[in-house]
Amino acid sequence: MASFNLAVIKGDGIGPEIVDEALKVLEAIGEKYDHKFNFTEVAAGGCAIDCCGQCLPKETVDICKASDSVILGAVGGPKWDNVPGDQRPERALLGLRENLGLYANLRPAIIHNALSDASPIKKEIVGDSLDILIVRELTGGIYFGDRGYRDGKYGTEAYDTEAYSEMEIRRIAKVAFEAAMSRDKRLTSVDKANVLESSRFWRKTIIDMAKEYPEVTLDHMYVDNAAMQLVRNPKHFDVIVTSNIFGDILSDEASQITGSIGMLPSASIGEGAFGMYEPIHGSAPDIAGQNIANPIATILSMAMMLRYTFKLDDEANAIEAAVTKVLNDGFRTADIATKGVQAIGTKQMGELIIKALN
Ligand code: IPM
Ligand code: MG
């Protein structure tokens, strides 16, 4: 029997309730395929500020580092809106990414067949299905660059800096090219090379790396155009690779094209198999604790974890198939329910997915 040690950060808002369902699904997978998943719960985000006086206690980082993989719900909420910027719950996310070396963020934007009506984009544009993978650089760029206040032309000014080294561009590009090789072999690199020096370096480095992947069709797009093409012709995209901040923005846009942000998982990975897996959506404090949040994004994040970190393809496929079955059977949480459909709760959705597994 294989045994896996997982650090679990339930976080704030709906985090705890959606993670609970995901852990139950993992346990069901463990029973079915004879694996043991050991969970160690650690604090990060707003709840960590409340319990331990800081958003990312050292103990949390240490336990995450010592585990095989990390599961995260969501962090943040209005309760901590007045906390100083460098101590906000969201800082915990950045700290985790940096300390755990998670430089690549994989964000699939997929339209499930059963939900093809959910997209706000016209059917003739989006079709019956959509499958885009955004590969976002996660530990560099303006999120981590030099920042501060200084005397400027018009008095005191605040600044942030975008910088990328060749090493950082190469390692994220490698993840993206390899992802493209396992998919439709099309890669779009998004930058702002008409204006930014860091983007020109980005583009030059990507072009150089493309020589190693002759089978991949590579194109380049300015970020403003990419934002437009995502709604005008989303089928253009297979894999997108881009910087930290552009990836942040475009992945939110792509998720909305699917019409169901409550469905989208994500993986943050670095060197080796270790990763952090979390839903794309936030902590949704307005619906927390009411058993109405959609646990599917977190459950699908478990499938990503099984596939990428543990190389358990059958188990990952089983989770995805179970989710598809439950959707095909017509069950919906409130966020994806169409008019006239009786929505089910968080727990029921979890139970139905487990039932479909067996
Ligand atoms: C995301 C979020 C985070 C980010 C915030 C909460 C720091 O928007 O994961 O996309 O900007 O990376
Ligand atoms: Mg974001």
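Both counts, for ligands and for their atoms, begin at 1 and track the order of listing.
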**OP:** Would you indicate whether the side-chain heavy atoms of R170 and I206 approach each other to under 4.5 Å?
**Re:** no
Original post:
For the Mg ion (ligand 2), which N, O or S atom of D248 is at the shortest distance?
Top reply: OD1
Original post:
In terms of side-chain heavy atoms, does K123 have a donor or acceptor partner in S116 at a distance below 3.5 Å?
Top reply: yes
Subject >> Non-hydrogen atoms of L94 and Y143 that approach each other most closely >> reply: CD2-CD2, 3.6 Å
**OP:** May I ask you to check whether H281 and N294 show a side-chain donor-acceptor distance below 3.5 Å?
**Re:** no
Original post:
Between the side chains of T188 and D219, is a donor N or O closer than 3.5 angstrom to an acceptor N or O?
Top reply: yes
Subject >> Residues in contact with ligand 1, criterion: heavy atom under 4.0 Å >> reply: E90, L93, R97, R107, R136, Y143, D248
Subject >> Residues which pass ring-ring contact (aromatic ring centres under 6.0 Å, His included) with Y103, listed by chain and number, not counting sequence neighbours >> reply: none
